[in-house]
Amino acid sequence: MLSISPTYLLYYVPLLVAISLVYGATRHEDMNLVLKHAGYTAYWITSFMGVIFLILLVIGYLVS
Amino acid sequence: MPKTDPSHIEVDGIQIDLRSRALAAFLAWLLPGLGHFYQRRYAKGGLYMVCILTTYFVGFAIGGAHVVYASWIPGDKRWHYACQLGVGVPALPALIQASRLNSATTQNANLQGSENEYRTDPDFEPWWGGLMSPPRRPVREQSADEVSAWYARHGAGYEMGTWYTMIAGLLNILVIYDACSGPLSIPISGRKKDPDQDPSDETTVATKEAS
């Protein structure tokens, strides 16, 4: 299903954490709200990429 | 009408003194989080510093310390450095290394525009073991050179390291804005509606957002 090793996906985790926290912190001053916003951002990015992955998977299945 | 001080703002019920905004922005560029420490916003400063510098140095390490360098010649236009420079001091040694390499590189006007236009002195030795030094000239896209050796040695790590360091630099641009002007406002459309709120009272919400 994947054309690369699943271990490559580990590169995604630290980036997701850093981007979510920094983005959340640029929207709020209260640290509780920063963490809440970061969680939502991480969820949103992962969902978005998951949808793109599924679309590409379906296209790959159809053309193969 | 009394003038409001733009360096004193309130966000999430917390009073923020941005102090000298220009200085804070410069410090934020110089080292991620430093501008916030200057403004006594220690928690956010620490968060920015840890997140951005970790991303930058992890990328730097997995790319074999060659992913950050400044170069703009035919065959090696390193536009990525413009993003990496956003991280400030940690990316500045690349400019020193590029300057040294350029002084040891000769240009052949007869080959202008080609990959062989520039040639580095074979006896040239970069400082600090080649840390952030551009590859020796010429750099050819279709044959073996120093860049292809870096790719061969680090594989996907070279590509990912480049992305990590670029993203760290781009994230710091948000941090610079935060140090200069405070947190970005959240668009009204992105907020959940309070079920108890009267729909006709939207002007009050907009006024609160603006303030």
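Each chain gets a letter, A, B and so on, in the order its sequence line appears, and its residues count up from 1. Quick caveat, the model's predicted, so the values are computed rather than measured.
- A tilted orientation is assigned to the rings of B:Tyr42 and B:Phe37, their planes being inclined by 30° to 60°.
- In this structure, chain A has a heavy atom under 4.5 Å from the side chain of B:Ile167, while its backbone stays farther away.
- Take B:Trp29 and apply the ring-ring contact (aromatic ring centres under 6.0 Å, His included) test, not counting sequence neighbours, and it matches no residue.
- Here B:Leu171 is the residue among B:Asn172, B:Thr55, B:Leu171, B:Asp178 with the most heavy-atom pairs under 4.5 Å with chain A.
- Residue B:Leu174 touches chain A through both its backbone and its side chain, counting heavy-atom pairs closer than 4.5 Å.
- Taking the six-membered ring for Trp and thresholds of 30 and 60 degrees, B:His154 and B:His66 have ring planes inclined between 30 and 60 degrees apart.
- For residues 44-52 of chain A, heavy-atom neighbours of chain B at less than 4.5 Å comprise no residues at all.
- The backbone N or O of B:Tyr118 lies less than 3.5 Å from no partner atom in the side chain of B:Arg137, so there is not a single donor-acceptor pair.
- Both the backbone and the side chain of A:Leu15 have a heavy atom closer than 4.5 Å to some heavy atom of chain B.
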Residue pair A:Met31, A:Leu35: steps toward the side chain to side chain contact (heavy atoms under 4.5 Å, CB included) verdict: CA-CA 6 Å; A:Met31 287 311 280; A:Leu35 293 175; 5.5 Å; no
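- Within a 6.0 Å radius of OH in A:Tyr12, more than 12 heavy atoms belonging to other residues, nucleotides or ligands are found.
- Using a 4.5 Å cut-off between heavy atoms, B:Ile14 touches chain A through its side chain atoms alone.
- Partners of B:Arg78 under the salt bridge (charged side-chain N to carboxylate O under 4.0 Å, His left out) rule, at least two apart in sequence or in another chain, do not exist in this structure.
- B:Trp128 CH2: more than 12 foreign heavy atoms inside a 6.0 Å radius.
- Qualifying salt bridge (charged side-chain N to carboxylate O under 4.0 Å, His left out) partners for A:Glu29, counting only residues two or more places apart in sequence or in other chains: B:Arg41, B:Lys44.
- Within the 4.5 angstrom heavy-atom criterion, no atom of B:Leu170 approaches chain A.
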